[in-house]
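Structure first, then comments.
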Amino acid sequence: MRRRTAALAAGTLAGALALTGCSGSGSASAPDRAELSVDSAYMPQPVSADMAAGFLTITDKGGAGDELTSVSSDIAGQVTMHSTQGGAMTEKSSFTVPAHGRLVFRSGGNHLMFEKLRRAPKQGQTVTVRLTFARSGHLTVEMPVEPATYHPSTGH
Ligand code: CU
């Protein structure tokens, strides 16, 4: 429910920004570049000592898309990106973030895999995750570690 409210509010805000852009003030809206933000990030406390999964949603409010090209973290020697289709997961070298859209990593779907763990993430801690995009540069996310069985209630 909270997610739905936030999405409606964001839609209203985007409309207001578009109007501002029409008045000629320039940079208020971004018709030709991505405007990325991240929410709903979490890591279920891993059962395994050397691997963990992570999930998040990347939203692009801008008029151009972008590509998530790599992910890194302080706790992992390597972070890989996977898609899941028909129960089979495939490692991907990049994911598209659509203009005015979202790229969603969630349980059972796209996910991040933290490999070669330097420490075991524990519930209540946060993990620093650095996302690299083809055009927008870097975004750093503090990803909370949740219980192993945690499932977020999502609005989508
Ligand atoms: Cu995987």
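Whatever order the structure lists ligands and atoms in, that order sets their numbers, starting from 1.
- Contact annotation: T80 places no N, O or S atom under 2.8 Å from the Cu ion (ligand 1).
- Here T84 does not reach the Cu ion (ligand 1): none of its N/O/S atoms is less than 2.8 Å from the metal.
- Scored by the side-chain contact (heavy atoms from CB on, under 4.5 Å) test, A34 finds L36, D60, D66, S136 as partners (sequence neighbours excluded).
- Note: angle at the Cu ion (ligand 1), from NE2 of H111 to SD of M113, is 120° (rounded to 10 degrees).
- Between the Cu ion (ligand 1) and the N, O or S atoms of H82, the shortest distance is to ND1.
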Show me, pair by pair, the donor-acceptor contacts under 3.5 angstrom made by side chains of residues 70-78, not counting sequence neighbours?
from	atom 1	to	atom 2	distance (Å)
S73	OG	I75	N	3.2
S73	OG	T128	O	2.9
D74	OD1	T128	N	3.3

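- Ring centers of F105 and F55: at least 6.0 Å apart, outside the cut-off.
- For S48 (side chain) and D50 (main-chain N/O), a donor-acceptor pair under 3.5 Å exists by modelled atom type.
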